[in-house]
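Right, one structure below, let's go through it.
Nothing here was measured: the structure is a model prediction, and the numbers come from that model. Each chain gets a letter, A, B and so on, in the order its sequence line appears, and its residues count up from 1.
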Number of protein chains: 2
Amino acid sequence: MLEGKFDEASLLKKIVDSIKDCVKLCNFNCTEHGITVQAVDDSRVLLVSLLVGQSAFSEYRCDRDITLGIDLESFSKIIKCGNNEDYLTLLAEDSPDNVMTIFEDKKKERVSEYSLKLMDIDSEFLKIDDMDYDSVINMPSGEFSKIVRDLKNLSESLNIIVTKDSVKFSSEGENGTGSVVLKPYTDMDHPEESINVNLENPVDLTFGLKYLSDIIKATSLAGTITIKLADKTPALFEYKLDAGGYLRFYLAPKFDEDD
Amino acid sequence: MLEGKFDEASLLKKIVDSIKDCVKLCNFNCTEHGITVQAVDDSRVLLVSLLVGQSAFSEYRCDRDITLGIDLESFSKIIKCGNNEDYLTLLAEDSPDNVMTIFEDKKKERVSEYSLKLMDIDSEFLKIDDMDYDSVINMPSGEFSKIVRDLKNLSESLNIIVTKDSVKFSSEGENGTGSVVLKPYTDMDHPEESINVNLENPVDLTFGLKYLSDIIKATSLAGTITIKLADKTPALFEYKLDAGGYLRFYLAPKFDEDD
DNA sequence: CGTGGACATC
DNA sequence: GATGTCCACG
């Protein structure tokens, strides 16, 4: 039996909204440690990996592993039925046909329950190894979001060049080119505003802006994004959940024609 | 001669917007006590009953009874020509071909006049008797609106069960089910947030969400909705106008096949 | 944070 | 034309 209670429905809402535009169906794998999701986007390019740790719940209990095959669009509609600050509880039996979502108003005695029919969803669970990256960037998630939104107007690709003392995002299109250069910067008063670059080796990589646009939908989940880059390796874009857990996106860079 | 002046054009705008989606044509019956409208929606299922009391006007005069046959879509377009906070005056002769709508800006000396051609509209005026209901619910109109919008995602019918200490709204569809349970609740500081249930007899009734969706368009007219229910009897959904009057909707419950 | 209006989309 | 989403306001 699974019983997971969020102190604020808005957390689950943000999580689901962050991935539902690129993943339609996915399995929620519930274990005693929390809930994980692994899925590829519909074009099978972007890999999404979510962990909602046990600590992100105000109450959590999962006696044995349970898989919930969820249609995220329907689930999203259900989540919108609660208010952001309601308690939200997920309930499922050990071999469930349905998952129950329960909202409780913190003041009034209002309780809403929604049952969602589950689906059988095929999916291999990939073991993703921790690895060493050439460059690791930490920056405000909103700033990364704006860069992606701005440069998307110019072309379909975003080039990221990390050197010892700067990160350059740039895009070249028919109508013009654009670039944003960031220097590492530490804001004592507002640490979340800091830009941190950890450089093992310089990198020069290009990504599809279509996928980056999906990634930045998670911006509201965390004030900071961590971008880990290495040559010819899927990049990792990570949003850490304050309450415990993460939403990670893996995206392979575009390769030059001669590779 | 009719001369009715609203202190705020927005009041008439809200009223017309509240009913124009389900009623295309209707008679405005003007008497010395104010203006009443009675109409059925286009599918002849929902009965709409409006009273704009004399007190809702800042100035009101109606020497003898006048009937204004109005096309609400055209009228709505005219009303949108004023600003919300303008004075709005309705003018009509005793046997009018037209009704005049006059907007006056409160500060500027701007006056706009629009004349709308009237129509001959057949309609029996039903005498609706006050009656005793089994259950009477008072709740925030916005909360009722949200319940209808949320449960409409699931199916076409809304079931309402009122018992001694709770009101349960529920809906069952193919992809899942949903329910909202409210307990009576008194908010001293914000009385409009209170939920009040007056129970003579428990009820268990089902309504078409299509019609309820039309009803909740009146939400902005009043902070509170009163729902009066009785077995095998049209339910009454009432929005009271602060300034005096009401907008009432009568909707018959769905009957079980075996009735 | 919730509400209402405006805009863009289907 | 109607709906859903976004943004600004209270």
Side-chain angles (χ1 to χ4, degrees), chain A residues 6-14 16-22 72-88 103-108 110 112 142 145-146 148-150 152-153 213-214 216-220, chain B residues 8-25 41-43 46 71-86 139-154 156 180 185 187 189-195 209-225 239 242:
Chain A
F6 290 95
D7 194 54
E8 302 260 319
S10 58
L11 175 57
L12 185 60
K13 184 177 175 186
K14 284 179 188 170
V16 171
D17 284 349
S18 295
I19 58 179
K20 76 168 204 304
D21 288 332
C22 58
L72 287 178
E73 195 177 330
S74 305
F75 194 41
S76 169
K77 278 184 189 164
I78 286 178
I79 294 173
K80 286 195 206 322
C81 297
N83 293 109
N84 284 333
E85 60 290 4
D86 287 351
Y87 295 116
L88 186 161
F103 300 99
E104 292 166 90
D105 191 294
K106 282 171 180 158
K107 296 188 306 189
K108 294 186 191 179
R110 177 173 50 70
S112 333
S145 170
K146 179 154 176 58
V148 170
R149 279 183 282 123
D150 290 347
K152 189 176 196 285
N153 293 322
S213 299
D214 281 330
I216 60 172
K217 289 179 177 147
T219 300
S220 67
Chain B
E8 302 258 319
S10 59
L11 175 56
L12 185 60
K13 182 178 173 184
K14 284 180 188 170
I15 291 169
V16 172
D17 283 349
S18 295
I19 57 179
K20 75 169 205 305
D21 288 332
C22 59
V23 175
K24 299 293 173 228
L25 308 175
D41 81 315
D42 302 333
S43 56
L46 190 60
D71 171 322
L72 286 178
E73 194 177 329
S74 306
F75 194 40
S76 168
K77 282 181 188 164
I78 286 178
I79 293 173
K80 287 196 205 320
C81 297
N83 293 110
N84 284 334
E85 59 292 1
D86 286 352
M139 62 185 288
S141 60
E143 202 158 336
F144 181 67
S145 171
K146 180 160 173 58
I147 290 168
V148 170
R149 280 183 282 124
D150 288 346
L151 295 183
K152 190 177 197 285
N153 291 324
L154 300 175
E156 298 185 343
V180 180
Y185 162 85
D187 189 325
D189 299 330
H190 310 280
E192 286 212 330
E193 292 298 309
S194 296
I195 294 165
L209 276 164
K210 172 182 188 305
Y211 305 107
L212 295 172
S213 299
D214 281 330
I215 291 172
I216 61 171
K217 288 181 179 148
T219 300
S220 67
L221 271 181
T224 304
I225 184 174
Y239 297 87
D242 286 336

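- Counting non-hydrogen atoms under 4.0 angstrom, Glu73(B) reaches the backbone sugars and phosphates but no base.
- Remark: side-chain polar atoms of Ser141(B) are paired, donor with acceptor, to backbone N or O of Ala222(B) under 3.5 angstrom.
- With distances taken from any side-chain atom of Lys80(A) to the nucleotides dT5(D), dG4(C), dG5(C), the minimum falls on dT5(D).
- With rounding to whole Å, Asn84(B) atom CG is found 18 Å from dT3(C) atom P.
- The distance from atom NZ of Lys13(A) to atom P of dT5(D) is 10 Å, rounded to the nearest whole Å.
- Atom CD1 of Ile216(B) is separated from atom P of dT3(C) by 13 Å (rounded to the nearest Å).
- Between the CG atom of Asp17(B) and the P atom of dT3(D) there is a distance of 13 Å, rounded to whole Å.
- In this structure, CD of Glu85(B) is placed 16 Å from P of dG4(C), rounded to the nearest angstrom.
- As rounded to whole Å, 17 Å separates atom C1' of dG5(C) from atom NZ of Lys217(B).
- A salt bridge does not link Asp86(B) to Lys13(B): none of the charged side-chain nitrogens sits closer than 4.0 Å to a carboxylate oxygen.
- When rounded to the nearest whole Å, the span between CG of Leu221(B) and P of dG4(C) equals 11 Å.
- Residues that satisfy the ring pair (Phe, Tyr, Trp, His ring centres under 6.0 Å) test with Phe75(B), not counting sequence neighbours, are Phe28(B).
- With respect to the salt-bridge test (charged N to carboxylate O, under 4.0 angstrom), the residues Glu143(B) and Arg110(A) qualify.
- The side chain of Asp21(B) approaches dA2(D) more closely than any other nucleotide in the set dG4(C), dA2(D), dG5(C).
- One can place NZ of Lys77(A) at 9 Å from P of dG4(D), the figure rounded to the nearest angstrom.
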